[in-house]
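Shown next, in structure tokens, is the structure this report addresses.
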Amino acid sequence: MFAPLDMHGEKRADLHRAAKLSMLHDRVVRRFDKVDHSADAVEMAAAAFVEATHRPTIIAAPFRPGRKLQTTVGWTLGL
């Protein structure tokens, strides 16, 4: 009986889908940037860890070579 008030519903729906797709694309790009930044931080931390574990150990004064290590109950090695 009555003609629909909006004759361009299909065109508006296409614009709506295109806008949502564009927003989703922007969110994905931002997320990739965030993941890339986090991956760089993990790689730097791993490199620092590897470097720290491959350094030669420095012997403290009480632990001179040739001297037997004596400990008593309650002592720690500072770990």
Side-chain angles (χ1 to χ4, degrees):
M1 294 209 150
F2 291 103
L5 297 176
D6 186 8
M7 301 294 242
H8 305 289
E10 194 64 35
K11 187 185 290 185
R12 206 175 71 222
D14 289 341
L15 288 173
H16 183 263
R17 281 191 291 273
K20 285 186 78 164
L21 182 61
S22 176
M23 289 187 329
L24 179 62
H25 179 266
D26 292 344
R27 285 178 60 191
V28 168
V29 168
R30 281 195 307 269
R31 182 62 55 112
F32 278 141
D33 289 343
K34 187 176 180 181
V35 168
D36 192 38
H37 178 72
S38 297
D40 289 342
V42 168
E43 287 176 358
M44 288 174 42
F49 178 73
V50 168
E51 182 181 333
T53 57
H54 285 92
R55 282 192 206 147
T57 306
I58 299 173
I59 300 174
F63 303 111
R64 282 179 246 132
R67 182 175 174 194
K68 188 174 181 177
L69 179 63
Q70 296 176 353
T71 60
T72 60
V73 176
W75 282 21
T76 64
L77 296 176
L79 300 177

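This one's a predicted model, so the numbers in the text were calculated from it and none came from an experiment. Counting begins at 1 with the first residue of the sequence.
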Query - Member of His16, Arg17, Lys11 meeting the side chain to side chain contact (heavy atoms under 4.5 Å, CB included) criterion with Asp14 - result: Arg17
Report task. Report yes or no: does Ser38 contribute a side-chain atom to a donor-acceptor pair with the main-chain N or O of Lys34 at less than 3.5 Å? Result -> yes
Query raised in the report: When you look at Leu21 and His25, which way does the side-chain contact (heavy atoms from CB on, under 4.5 Å) test go after all the steps?
Result: CA-CA 6 Å; Leu21 182 61; His25 179 266; 5.7 Å; no
